[in-house]
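Below is one structure, written out as structure tokens; comments come after it.
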Amino acid sequence: MSEQIETGITEGGRLGAFRDILAKDHARRGKPPVHFADMTPEERVERVQALGLPKFRAKQLANHYFSRLSVNPDDFTDFPASRRQDAVDAFFPVLIEPLLRQVADQGTTVKTLWKLFDGSRIESVLMRYPTRTTLCISSQVGCGMGCPFCATGKLGLTRNMSTGEILEQVRVAAKAMRDGDVAGGPGRLSNVVFMGMGEPMGNYRSVLSAIRQISAQPPEGFGISARNITVSTVGVVPGIKKLAAEGIPVRLAVSLHAPNDKLRDELVPMNRRFDTTQVLDAAHDYYLASKRRVSIEYALMRGINDQAVHARQLANRLNHYGDNWAHVNPIPLNPIEGSRWTASDPEDERIFLDILHKAGITATLRDTRGSDIDGACGQLAAKEQLSSAS
């Protein structure tokens with residue numbers, strides 16, 4: 001594989017004024033074990049045949065993984081008993097192991113800290129609502145974007161995740177919902193958002209492969225509609241353009257967080273490479289290509305970006321394009337312990353939202369799940385990292 005995949009340094013991190021912020025323990029790491037989800041259909045058949053099994057066994061394995069959500073050899077009753085463990089060893093290495101689980105909102109929000117094969121930590125959050133269940137997943141170990149108010153950004157970037165590591169988060173959550181392991185009884189995982197640790201556009205190949213398999217119908221994928229998948233980015237313009245050309249109707253979410261370049265340069269360092277005009281132009285082009293409204297994510301921070309002047313600037317920037325192309329999600333910040341970045345006053349949130357609505361901007365204040373646990377992505381990993389070091 002290329003150096004980009006091995007080191008986790010994104011292409012944008014090598015060029016220009018901005019460089020990825022690497023974790024202190026960043027080093028060239030080995031590749032994750034190759035998983036069934038990392039293989040093409042042809043590669044699966046080749047490996048099945050290398051085990052001395054007929055090629056139709058590859059489709060049976062796909063059915064177990066994507067339809068039955070199982071990697072347990074005891075469930076492979078259509079396989080010869082003597083070969084079940086061989087198949088699991090060859091196709092389903094353990095990629096993620098739970099280290100810590102936090103539960104909030106009467107059991108309908110479950111946050112998990114996972115340990116990867118090389119000891120790295122990532123997080124996912126499962127959130128059950130009355131009409132849907134959403135899983136927020138990670139696509140990188142840490143993040144190199146360096147946003148100062150973000151817990152993950154403080155970890156730095158360690159490496160990219162494999163497609164298998166990404167998809168295992170989805171399979172485990174889908175199984176938990178199906179089996180009734182989440183408050184509310186048995187249900188179905190309906191939505192997946194790439195809003196956990198990492199910048200998805202910095203791990204484009206693995207993320208795209210994961211999207212295709214999440215949205216394909218069983219036994220080629222998990223059968224979650226592409227329209228229910230959201231990919232979030234801080235504004236990596238080449239990635240937005242590339243995704244638009246794929247023709248997959250996923251929703252794009254842009255973490256804007258500021259309505260002007262001076263403020264966004266401070267809050268989102270990537271803005272020094274792709275400024276607000278470039279980012280919004282690319283986002284609007286995505287809307288035109290996909291016919292899907294773009295989500296504008298805007299973390300409200302007290303006294304920094306949450307004043308009336310900021311709301312008016314944001315409305316003007318979005319209305320510049322002349323159509324109802326964006327939906328703004330003002331997000332009450334989940335503050336990091338000891339940080340100067342903190343949540344806005346409720347009255348400032350109300351005024352901010354009111355200004356957007358009066359300007360004709362569709363906007364909904366984000367429901368902040370996990371407020372009574374380490375809700376912000378990266379908080380669990382950061383705390384666990386600190387306790388390990390002490």
Side-chain angles (χ1 to χ4, degrees), residues 12 16-18 145-150 153 193-195 199-201 230-244 250-333 341 343-345 347-366:
F18 179 82
M145 298 298 102
C147 302
F149 58 88
C150 173
V193 296
F194 286 82
M195 291 183 175
E199 164 56 58
M201 298 303 184
T230 299
V231 178
S232 177
T233 177
V234 298
V236 181
V237 169
I240 295 173
K241 292 180 176 179
K242 201 171 179 181
L243 188 62
V250 298
R251 184 179 296 281
L252 176 70
V254 174
S255 297
L256 196 67
H257 304 315
N260 61 70
D261 287 323
K262 182 178 179 182
L263 181 55
R264 196 167 190 264
D265 281 351
E266 179 185 358
L267 298 180
V268 183
M270 181 58 82
N271 198 68
R272 299 167 199 159
R273 292 205 63 237
F274 305 110
D275 64 24
T276 54
T277 298
Q278 293 171 291
V279 170
L280 291 174
D281 281 352
H284 185 255
D285 287 346
Y286 187 90
Y287 160 76
L288 294 176
S290 66
K291 304 297 188 289
R292 302 211 64 197
R293 277 198 302 185
V294 174
S295 293
I296 302 295
E297 308 295 304
Y298 196 102
L300 292 166
M301 294 168 243
R302 185 180 301 175
I304 293 171
N305 67 349
D306 64 346
Q307 298 304 295
V309 62
H310 300 122
R312 287 191 289 269
Q313 287 177 2
L314 179 60
N316 289 338
R317 297 299 301 274
L318 299 181
N319 281 334
H320 162 76
Y321 297 92
D323 45 28
N324 188 24
W325 69 281
H327 181 282
V328 178
N329 283 318
I331 308 164
L333 184 71
W341 314 93
S344 300
D345 291 326
E347 180 62 12
D348 287 335
E349 293 176 356
R350 187 194 65 76
I351 292 171
F352 195 97
L353 208 61
D354 190 48
I355 290 171
L356 293 180
H357 288 158
K358 286 179 178 176
I361 302 292
T362 305
T364 309
L365 191 69
R366 175 72 63 82

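- Contact check for V254 versus V234: no side-chain heavy atoms found under the 4.5 Å cut-off.
- Rounding to the nearest 0.5 Å gives a distance of 8.0 Å between CE of M301 and CG of L263.
- Residues passing the side-chain hydrogen bond (donor to acceptor under 3.5 Å, both in side chains) test with N319: none are found, sequence neighbours excluded.
- Looking at D275, its side chain never comes within 3.5 Å of a backbone N or O of N271 through a donor-acceptor pair.
- Among residues two or more places apart in sequence or in another chain, the ring pair (Phe, Tyr, Trp, His ring centres under 6.0 Å) test is passed with Y287 by H284.
- Here K242 pairs with nothing under the salt bridge (Lys or Arg N to Asp or Glu O under 4.0 Å) rule; sequence neighbours left out.
- Atom CG of residue N260 and atom CG of residue N316 lie 12.0 Å apart, to the nearest 0.5 angstrom.
- For residues 306-324, there are no salt bridge (Lys or Arg N to Asp or Glu O under 4.0 Å) pairs, not counting sequence neighbours.
- A distance of 12.0 Å separates CG in L314 from NE2 in H257, rounded to the nearest 0.5 Å.
- Using a cutoff of 4.0 Å between basic side-chain nitrogens and carboxylate oxygens, D345 and R302 are scored as salt-bridged.
- Taking OG from S255 and CG from L267, the interatomic distance works out to 11.5 Å, rounded to the nearest 0.5 Å.
- Put simply, the side chain of Q307 never gets that close to the backbone of V309: no donor and acceptor are under 3.5 Å apart.
- For the atom pair CG (D261) and CD (Q278), the distance works out to 9.0 Å, reported to the nearest 0.5 Å.
- Annotation: side chain to side chain donor-acceptor pair (under 3.5 Å) contacts involving residues 288-298, sequence neighbours excluded, comprise R293-T362, E297-N329, E297-R366.
- Applying the ring pair (Phe, Tyr, Trp, His ring centres under 6.0 Å) criterion to F194, with sequence neighbours excluded, gives no partner residue.
- Between L365 atom CG and I331 atom CD1 the span is 9.0 Å, to the nearest 0.5 Å.
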